[in-house]
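Right, one structure below, let's go through it.
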Amino acid sequence: MIITEYRAKNFRNISEICLYPDSRTNILVGENGQGKTNIIESIWLFTGCNSFRTYKYGEMIKVGEKEAGTKLFFESQGLANDAAIRMDGTKRTYTLNGIPRENSRRFLGVFRAVVFSPHSLSVIQDAPSERRKFLDIAVSMVKPAYASHLIRYSKILANRNALLRQISQGMAGEETLTAWDEELSRAGSKVTLYRQNYIKRLAPVAKEIYGEISGGREQMAIEHMHCGKGAEADEYELVENMFMALQKNRDSDIRRLFTSVGPHKEDISIKLDGMPSRNYASQGQQRSCALSLKLAEAYLIREDSGEYPVVLLDDVMSELDSQRQEFLLDYLRDWQVFITCCDARHFSKLKSFKTFCVENGKVSEV
Ligand SMILES: Nc1ncnc2c1ncn2[C@@H]1O[C@H](COP(=O)(O)OP(=O)(O)O)[C@@H](O)[C@H]1O
Ligand SMILES: [Mg+2]
């Protein structure tokens with residue numbers, strides 16, 4: 001996956017830019033608030049995933065303008081593609097090779113990228129929802145059909161939660177829940193199965209990368225936690241487990257007006273030498289864990305699609321010590337990478353790269 005040309009107009013602080021990236025390393029250098037992350041964000045949107053900054057697309061249109069547009073020319077599997085996204089106050093339109101696509105999900109699996117930023121640490125440090133977000137994006141990138149299962153599950157979950165409210169108000173009988181529990185268990189087990197299969201592949205890769213980064217000092221172990229357990233199960237068992245758990249928690253769900261089990265409550269356990277990395281690992285170890293997860297995610301995209309995803313590294317170099325910086329640059333030497341930074345001196349050792357200076361929403365090649 002190689003971006004050959006990138007254009008943006010009225011995207012955040014960018015009035016109009018066009019750049020022709022290097023097929024390997026691209027360094028976007030500039031002071032704070034100049035538009036580096038804006039460029040990374042707009043490239044990321046071509047993956048078909050939501051922005052890593054906001055759900056409000058209106059925020060991305062340059063203040064004072066009515067619409068924004070971005071365009072990407074990229075090579076994938078030896079073929080040239082062009083994709084365009086336009087957004088105005090009310091809607092977004094997606095076009096791939098001149099053909100309009102209904103929504104962003106139609107871009108999933110077409111242009112593949114991985115983004116690593118200081119926010120990526122939240123996968124280790126923050127609540128389970130951050131780990132689910134990581135998983136949902138990572139799985140969608142290699143299995144685009146997953147996104148539809150997730151949406152279907154969310155709709156059924158919303159219906160079940162609405163029914164819980166009706167039951168608590170005496171407007172519906174408790175027995176009406178059973179049909180929804182069955183449906184939710186079937187839809188939920190699909191989501192869980194995709195996640196389980198993904199983590200099974202991710203875990204050994206992340207473990208190996210962590211070993212390389214840390215010089216084998218500790219062992220990283222990842223496990224999928226569903227219905228409170230980490231044990232692997234087939235789809236039939238998953239449906240069964242979830243249905244039983246819903247029955248068990250029915251009374252408290254009715255009291256709390258909330259469904260307490262299912263994929264929306266799942267988590268990934270990330271441990272170093274058997275201890276939860278969230279509570280026990282040092283900052284440096286947590287960074288290595290987050291980096292290992294991201295590189296493992298990129299590795300699986302490559303394994304499935306046969307080509308390297310584009311790697312977007314936003315403001316991370318300055319947070320890594322020199323050993324980890326070197327490891328990362330060496331690991332990614334054959335990938336197309338976009339690196340934002342305030343100081344391009346980290347990269348003097350690289351052989352092939354282009355440097356773009358970002359200043360007040362304008363870009364010039366150095
Ligand atoms: N919709 C918008 N219209 C105009 N400017 C915006 C908009 N959204 C964000 N910005 C500006 O973009 C700049 C931030 O750009 P960013 O890419 O995050 O900077 P950095 O170079 O530090 O990564 C800020 O100056 C902010 O005010
Ligand atoms: Mg930034």
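For the single chain, residues carry numbers from 1 onward in sequence order.
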Revision key, fill the gap. When every non-hydrogen atom of Trp44 is compared with those of Ala113, the smallest separation belongs to CZ3-O, 3.4 Å
Exercise for review: Working to the nearest 0.5 Å, report the span between CD of Gln166 and CG of Leu257.
Suggested key: 11.5 Å
Review point. Are the side chains of Ile85 and Met60 in touch, meaning some heavy atoms are under 4.5 Å apart?
Key: no
Practice item. Would you give the length of the straight line joining atom CD of Glu303 to atom CD1 of Ile301, rounded to the nearest 0.5 angstrom? Key: 11.5 Å
Point to revise | Hydrophobic cluster membership, Leu164 vs Ile156, 4.5 Å side-chain cutoff | key: yes
Exercise for review: Give a yes or no on whether the ring-centroid distance for His119 and Phe52 is below 6.0 angstrom.
Suggested key: no
Revision key, fill the gap. Hits for ring pair (Phe, Tyr, Trp, His ring centres under 6.0 Å) against Phe74, two or more places apart or cross-chain, chain-then-number order -> Phe111
Revision key, fill the gap. Glu174 meets the side-chain hydrogen bond (donor to acceptor under 3.5 Å, both in side chains) criterion, sequence neighbours left out, with none
**Study point:** Rounded distance [0.5 Å steps], CZ in Phe347 versus OG1 in Thr355
**Key:** 9.0 Å
Check your understanding: Any donor and acceptor pair, going by atom type alone, linking the side chain of Gln34 with main-chain N or O of Asn360 inside 3.5 Å?
Key -> yes
Practice item. Starting from the C-alpha separation in whole Å, work towards a yes-or-no answer on salt bridge (charged side-chain N to carboxylate O under 4.0 Å, His left out) for Arg152 and Glu183. Key: CA-CA 10 Å; Arg152 182 173 147 69; Glu183 192 123 359; 3.5 Å; yes
Study note, to complete from the structure: Between Ser122 and Glu130 the two heavy atoms that sit nearest each other are OG-OE1, 3.1 Å
Point to revise | Side-chain heavy-atom pair Arg201, Tyr299 within 4.5 angstrom cut-off | key: no
Check your understanding: Taking side chain as C-beta onward, heavy atoms only, is Val114 less than 4.5 Å from Met141?
Key -> no
Review point. What is the distance from atom CD of Gln196 to atom CG of Asp234, rounded to the nearest 0.5 Å?
Key: 8.5 Å
Exercise for review: Give a yes or no on whether the backbone of Asp330 and the side-chain of Arg333 come within a donor-acceptor separation of less than 3.5 Å.
Suggested key: yes
Review point. For the side chain of Lys354 and the backbone of Tyr20, is there at least one donor-acceptor N/O pair under 3.5 Å apart?
Key: yes
Review point. Counting only heavy atoms not in Glu208, do more than 12 fall under 6.0 Å of its CD?
Key: no
Review point. Is it true that a side-chain atom of Asn97 and a backbone atom of Asp82 form a donor plus acceptor pair closer than 3.5 Å?
Key: yes
Check your understanding: Got Lys207 and Ile222 here, is their nearest side-chain heavy-atom distance under 4.5 Å?
Key -> no
Review point. Is the number of heavy atoms from other residues, nucleotides or ligands under 6.0 Å of Gln247 CD greater than 12?
Key: yes
**Study point:** Glu235 side chain vs Lys190 backbone, donor-acceptor pair below 3.5 Å
**Key:** no
Exercise for review: Mind running side-chain contact (heavy atoms from CB on, under 4.5 Å) on Glu297 and Tyr198 for me, showing each step along the way?
Suggested key: CA-CA 10 Å; Glu297 180 192 346; Tyr198 184 80; 3.7 Å; yes
Revision key, fill the gap. Separation between CG (Asp267) and NE2 (His226), nearest 0.5 Å, reads 12.0 Å
Exercise for review: Determine, step by step, whether Asn32 and Cys342 satisfy the side-chain contact (heavy atoms from CB on, under 4.5 Å) criterion, reporting the C-alpha distance in whole Å, the side-chain angles of both residues, the deciding distance to 0.1 Å, and the verdict.
Suggested key: CA-CA 7 Å; Asn32 285 329; Cys342 296; 3.8 Å; yes
Review point. How far apart are the closest heavy atoms of Val239 and Ser185, and which atoms are they?
Key: O-CB, 3.7 Å
Check your understanding: Is there side-chain contact between Phe116 and Val311, with heavy atoms separated by less than 4.5 Å?
Key -> no
Review point. Is there a donor-acceptor pair under 3.5 Å between the side chain of Glu307 and the backbone N or O of Gln77?
Key: yes
Review point. Just one of Val191, Thr259, Leu150 clears the side-chain contact (heavy atoms from CB on, under 4.5 Å) bar with His264, so which one?
Key: Thr259
Check your understanding: Under a single-linkage definition using a 4.5 Å side-chain heavy-atom cutoff for Ile, Leu, Val, Met, Phe, Trp and Tyr, are Leu312 and Phe353 assigned to the same hydrophobic cluster?
Key -> yes
Check your understanding: Transitively linked via ILVMFWY side-chain contacts under 4.5 Å: Phe243 with Leu157?
Key -> no
Check your understanding: Going by heavy atoms in the side chains, are Leu313 and Leu332 under 4.5 Å from each other?
Key -> yes
Review point. Between Gln285 and Ser214, does a side-chain hydrogen bond (donor to acceptor under 3.5 Å, both in side chains) hold up when you go through it step by step?
Key: CA-CA 8 Å; Gln285 288 169 329; Ser214 69; over 6 Å; no
Check your understanding: So among Arg278, His224, Met225, Arg131, which one has a side-chain contact (heavy atoms from CB on, under 4.5 Å) with Ser269?
Key -> Met225
Check your understanding: Can you check whether Asn10's main-chain N or O pairs, donor with acceptor, with Glu67's side chain at less than 3.5 Å?
Key -> no
Point to revise | N/O donor-acceptor pair under 3.5 Å between Glu326 side chain and Gln323 backbone | key: no
Practice item. Side-chain contact test, heavy atoms from C-beta onward, threshold under 4.5 Å: evaluate it for Leu121 versus Arg287 and give yes or no. Key: yes
Review point. Closest heavy-atom contact between Asp314 and Thr37?
Key: OD2-OG1, 2.9 Å
Check your understanding: Could you walk me through whether Asp253 and Arg250 pass the salt bridge (charged side-chain N to carboxylate O under 4.0 Å, His left out) check?
Key -> CA-CA 5 Å; Asp253 282 3; Arg250 183 178 274 194; over 6 Å; no
Point to revise | CA sep, side-chain torsions, deciding dist, call: Glu359, Lys362, salt bridge (charged side-chain N to carboxylate O under 4.0 Å, His left out) | key: CA-CA 5 Å; Glu359 196 176 351; Lys362 295 191 178 63; over 6 Å; no
**Study point:** Under-4.0 Å salt bridge between Arg324 and Asp321
**Key:** yes
Review point. Out of curiosity, Leu72 CG to Phe46 CZ, how far, rounded to the nearest 0.5 Å?
Key: 5.0 Å
**Study point:** ILVMFWY network linking Leu45 to Leu108, side-chain heavy atoms under 4.5 angstrom
**Key:** no
**Study point:** Intermediate values then yes/no, side-chain contact (heavy atoms from CB on, under 4.5 Å), Leu202 and Ile268
**Key:** CA-CA 11 Å; Leu202 186 80; Ile268 314 175; 5.9 Å; no
Exercise for review: Kindly determine whether Gln336 and Asp22 satisfy side-chain contact (heavy atoms from CB on, under 4.5 Å), including the steps that lead there.
Suggested key: CA-CA 8 Å; Gln336 188 181 41; Asp22 189 83; 5.9 Å; no
Check your understanding: Which heavy atom in Ser277 sits nearest to a heavy atom in Gln286, and how many Å separate them?
Key -> O-NE2, 3.0 Å
Point to revise | Heavy-atom side-chain contact between Leu291 and Tyr331 under 4.5 Å | key: no
Point to revise | Which atom of Cys18 lies closest to which atom of Glu5, heavy atoms considered | key: SG-OE2, 4.1 Å
Study note, to complete from the structure: For Trp180, the ring pair (Phe, Tyr, Trp, His ring centres under 6.0 Å) test, sequence neighbours excluded, returns none
Check your understanding: Going only through I, L, V, M, F, W and Y residues with side-chain contacts under 4.5 Å, is there a path from Tyr146 to Leu193?
Key -> no
Check your understanding: Between Asn81 and Leu79, is there a donor-acceptor pair closer than 3.5 Å when you use the side chain of the first and the backbone of the second?
Key -> yes
Review point. Between the main-chain N or O of Glu31 and the side-chain N or O of Lys36, is there a donor-acceptor pair closer than 3.5 Å?
Key: yes
